[in-house]
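Okay, here's the structure, questions in a sec.
Keep in mind that what you see is a predicted model, and the values were worked out from it rather than measured.
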Amino acid sequence: MGQAPVVYGQSSRPPRGDYSRAQEDYTCAQNFAAYTATDHDTYHRLYQRQSAQLQGLASEAFIQALPLLGAKERIPRFDDVNEHLYRATRWELVAVPGLIPEVPFFSLLANRKFPVTDWIRTPQEFDYIVEPDVFHDLFGHVPLLFNPVFADYVQRYGEGGLKAAGLGACEMLSRLYWYTIEFGLIREQGGLRAYGAGILSSRGELPYAVHSPEPQRLPLELERTMRTRYKIDTYQQTYFVIDSFEQLFELTAQDFAPIYERLRGQPEFAADAREPLPA
């Protein structure tokens, strides 16, 4: 039993997480008894800091669903969250030891199972962590899984990922995940708001993404998004904006195979490239 750790991008240290606990699909039991008082305190302080700045910056759907995570003074038990989540949208959380390979990840999403890393950052990493931890995954991702339309989009993404793996197009599709589920912006009646988990779980990028004049913000368009590289170690220089979760769901209803073929060999956009793409 156990799986090999997974590495995405470049890092100066090996991936964190005990992969010896992972089953064939990379899931494991949430080791709740292993959390220390410091772990729970770190989660509580992160929760307090991020929730305090959501108003006017985060999507209203996210703000309304956040209390459904349960107690904020400690790391929640995934089973407790699942009681509410499954009733709402038929999704459930499953624990994983850290980052997992693409195909197992897509398979879980396609079956409405969201993988949540079960370890939490150290106090020394309070402001920045390279890999997603339990706070990022729970606070950033899970509230919007209570939204039926967004929840269906994430499942459809997983189904599309399995097809992309067979077509050698995972890199192009991963950019759609990055610029929507992780770093997406949405227009609401109050103006521009964040719905991407990478923004919502970051103290600095949340106000930056919504208000800073520095990055460009483009309407979400599949081919432009799939041609745009991204950086994992800085604030984004490009964000893609949707008008509604229904728009996001409808955009991904089509067969992506012809898009992948059309984009192969075409020049890519750098993460900070401005329109139009140079010849």
Main-chain N/O of Leu46 paired to Gln50 side chain as donor or acceptor, under 3.5 Å: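 Such a contact is absent between Gln50 side chain and Leu46 backbone.
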
Polar contact flag, side-chain donor to acceptor under 3.5 angstrom, Thr122-Glu125: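 The criterion, which ignores hydrogens and geometry beyond distance, is satisfied for Glu125 and Thr122.
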
Check: Tyr208 side chain, Pro213 main-chain N or O, donor-acceptor pair, under 3.5 Å: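 No: the side chain of Tyr208 does not pair with the backbone of Pro213.
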
hydrophobic_cluster_shared for Tyr86 and Val142, side chain cutoff 4.5 Å: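 As far as the 4.5 Å side-chain criterion goes, Tyr86 and Val142 are not connected within one cluster.
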
Polar side-chain atom of Gln155 near backbone of Leu109 as donor-acceptor pair, under 3.5 Å: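 No.
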
Donor-acceptor pair, side chain of Asp39 and main chain of Thr36, under 3.5 angstrom: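 At least one qualifying donor-acceptor pair exists.
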
Phe183 ring center near Phe240 ring center (under 6.0 Å):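 Here the rings of Phe240 and Phe183 have centres that are no less than 6.0 Å from each other.
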
Output field: ring centroids Tyr230/Tyr177 closer than 6.0 Å: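 Ring centres of Tyr177 and Tyr230 not closer than 6.0 Å.
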
Listed partners of Glu223 passing side-chain hydrogen bond (donor to acceptor under 3.5 Å, both in side chains), at least two apart: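 Checked Glu223 against side-chain hydrogen bond (donor to acceptor under 3.5 Å, both in side chains); matches are Arg262.
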
Minimal non-hydrogen separation, Arg187 against Leu192, with atom names: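 Scanning both residues, the minimum pair turns out to be NH1-CD1, 3.7 Å.
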
Steps toward ring pair (Phe, Tyr, Trp, His ring centres under 6.0 Å) verdict (Phe126, Phe135): CA-CA 11 Å; Phe126 192 79; Phe135 176 76; 8.4 Å; no

Same apolar cluster: Phe105 and Leu167, side chain cutoff 4.5 Å: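 Same hydrophobic cluster.
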
Member of Glu214, Gln216, Arg274, Lys231 meeting the side-chain hydrogen bond (donor to acceptor under 3.5 Å, both in side chains) criterion with Gln237: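 Result for side-chain hydrogen bond (donor to acceptor under 3.5 Å, both in side chains) with Gln237: Glu214.
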
Flag, side chain of Gln55 to backbone of Ala52, donor-acceptor distance under 3.5 Å: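 Answer holds: no.
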
Plane angle bin for Tyr260 and Phe256 - parallel if under 30°, tilted between 30 and 60°, otherwise perpendicular: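 Ring orientation of Phe256 relative to Tyr260: perpendicular.
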
Heavy-atom check, side chain of Arg74 versus side chain of His44, under 4.5 Å: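 Of all side-chain heavy-atom pairs linking His44 with Arg74, none is under 4.5 Å.
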
Partners meeting side-chain hydrogen bond (donor to acceptor under 3.5 Å, both in side chains) with Ser201 (sequence neighbours left out):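 By the side-chain hydrogen bond (donor to acceptor under 3.5 Å, both in side chains) rule, Ser201 matches His136.
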
Chi angles and distances behind the salt bridge (Lys or Arg N to Asp or Glu O under 4.0 Å) call for Glu159, Arg156: CA-CA 5 Å; Glu159 294 168 343; Arg156 178 178 280 173; 5.5 Å; no

Set of side-chain hydrogen bond (donor to acceptor under 3.5 Å, both in side chains) partners for Asp272, sequence neighbours left out: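 Asp272 satisfies side-chain hydrogen bond (donor to acceptor under 3.5 Å, both in side chains) with no other residue.
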
Pairwise distance CZ(Arg193) to CG(Leu206) - rounded to 0.5 angstrom: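 If we round to the nearest 0.5 Å, Arg193:CZ and Leu206:CG are 10.0 Å apart.
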
Note, Pro219 side chain near Val241 side chain (heavy atom, < 4.5 Å):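 Counting from C-beta outward, Pro219 and Val241 never come under 4.5 Å.
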
Flag, side chain of Thr252 to backbone of Leu248, donor-acceptor distance under 3.5 Å: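 Judged by distance alone, yes, a pair lies under 3.5 Å.
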
Whether Asn111 side chain and Ser107 backbone form a donor-acceptor pair below 3.5 Å: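 At least one qualifying donor-acceptor pair exists.
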
Derivation of the side chain to side chain donor-acceptor pair (under 3.5 Å) call for Gln236 and Glu205: CA-CA 8 Å; Gln236 302 306 301; Glu205 191 151 4; 4.5 Å; no

Close side-chain approach of Ser202 and Tyr128, heavy atoms under 4.5 Å: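 No, their side chains stay 4.5 Å or more apart.
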
Any side-chain heavy-atom pair of Val116 and Leu138 under 4.5 Å: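 Yes - at least one pair of side-chain heavy atoms lies under 4.5 Å apart.
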
Test ring pair (Phe, Tyr, Trp, His ring centres under 6.0 Å) applied to Phe62 and Tyr195, Phe245, Phe139, Phe150, the passing residue: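 For Phe62, the ring pair (Phe, Tyr, Trp, His ring centres under 6.0 Å) check succeeds only for Phe139.
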
Gln30 side-chain N/O to Pro76 backbone N/O, donor-acceptor pair under 3.5 Å: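 Side chain of Gln30 to backbone of Pro76, a donor-acceptor pair under 3.5 Å: yes, one is there.
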
Side chain Thr89, main chain Leu145, donor-acceptor under 3.5 Å: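 At least one qualifying donor-acceptor pair exists.
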
Close side-chain approach of Glu182 to His141, heavy-atom, < 4.5 Å: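 Yes. Closest side-chain heavy atoms under 4.5 Å.
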
Ring-face cation contact, Phe269 with Arg229, 6.0 Å cut, 45° max: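 No; the conditions do not both hold, so Arg229 does not lie above the ring face of Phe269.
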
Qualifying residues under side-chain hydrogen bond (donor to acceptor under 3.5 Å, both in side chains), relative to Asn82, sequence neighbours excluded: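 Listed in chain order: nothing, the list is empty.
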
Exam field: side chain Gln53 to backbone Arg203, donor-acceptor pair closer than 3.5 Å: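 Yes: the side chain of Gln53 pairs with the backbone of Arg203.
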
Over 12 non-hydrogen atoms of neighbours within 6.0 angstrom of CZ in Arg224: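 Counting neighbours around CZ of Arg224, more than 12 heavy atoms of other residues, nucleotides or ligands fall under 6.0 Å, so yes.
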
Phe32/His40 under ring pair (Phe, Tyr, Trp, His ring centres under 6.0 Å): CA gap, chis, key distance, verdict: CA-CA 10 Å; Phe32 194 83; His40 288 297; 5.6 Å; yes

Student check: side-chain heavy atoms of Arg175 and Glu268 closer than 4.5 Å: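 Yes - at least one pair of side-chain heavy atoms lies under 4.5 Å apart.
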
Centroid-centroid distance, Phe249 to Tyr153, less than 6.0 Å: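 No, the ring of Phe249 stays outside the 6.0 Å limit from the ring of Tyr153, centre to centre.
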
Sub-4.5 Å side-chain heavy-atom contact between Leu68 and Leu85: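 No - every pair of side-chain heavy atoms lies 4.5 Å or more apart.
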
Salt bridge (Lys or Arg N to Asp or Glu O under 4.0 Å) against Arg217, all qualifying residues, sequence neighbours excluded: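 Arg217 satisfies salt bridge (Lys or Arg N to Asp or Glu O under 4.0 Å) with no other residue.
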
Residue pairs passing the salt bridge (charged side-chain N to carboxylate O under 4.0 Å, His left out) test where at least one lies in residues 78-96, sequence neighbours excluded: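 Sorted result for residues 78-96: Glu92-Lys113.
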
Flag side-chain contact, heavy atom, 4.5 Å: Ile199 against Leu185: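 Of all side-chain heavy-atom pairs linking Leu185 with Ile199, at least one is under 4.5 Å.
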
Cationic N near anionic O, under 4.0 Å, Arg49 to Asp127: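 The answer is yes: the pair qualifies as a salt bridge.
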
Exercise: do Thr117 and Asp133 side chains pair donor with acceptor under 3.5 Å: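 Asp133 and Thr117 do not have a side-chain donor-acceptor pair below 3.5 Å.
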
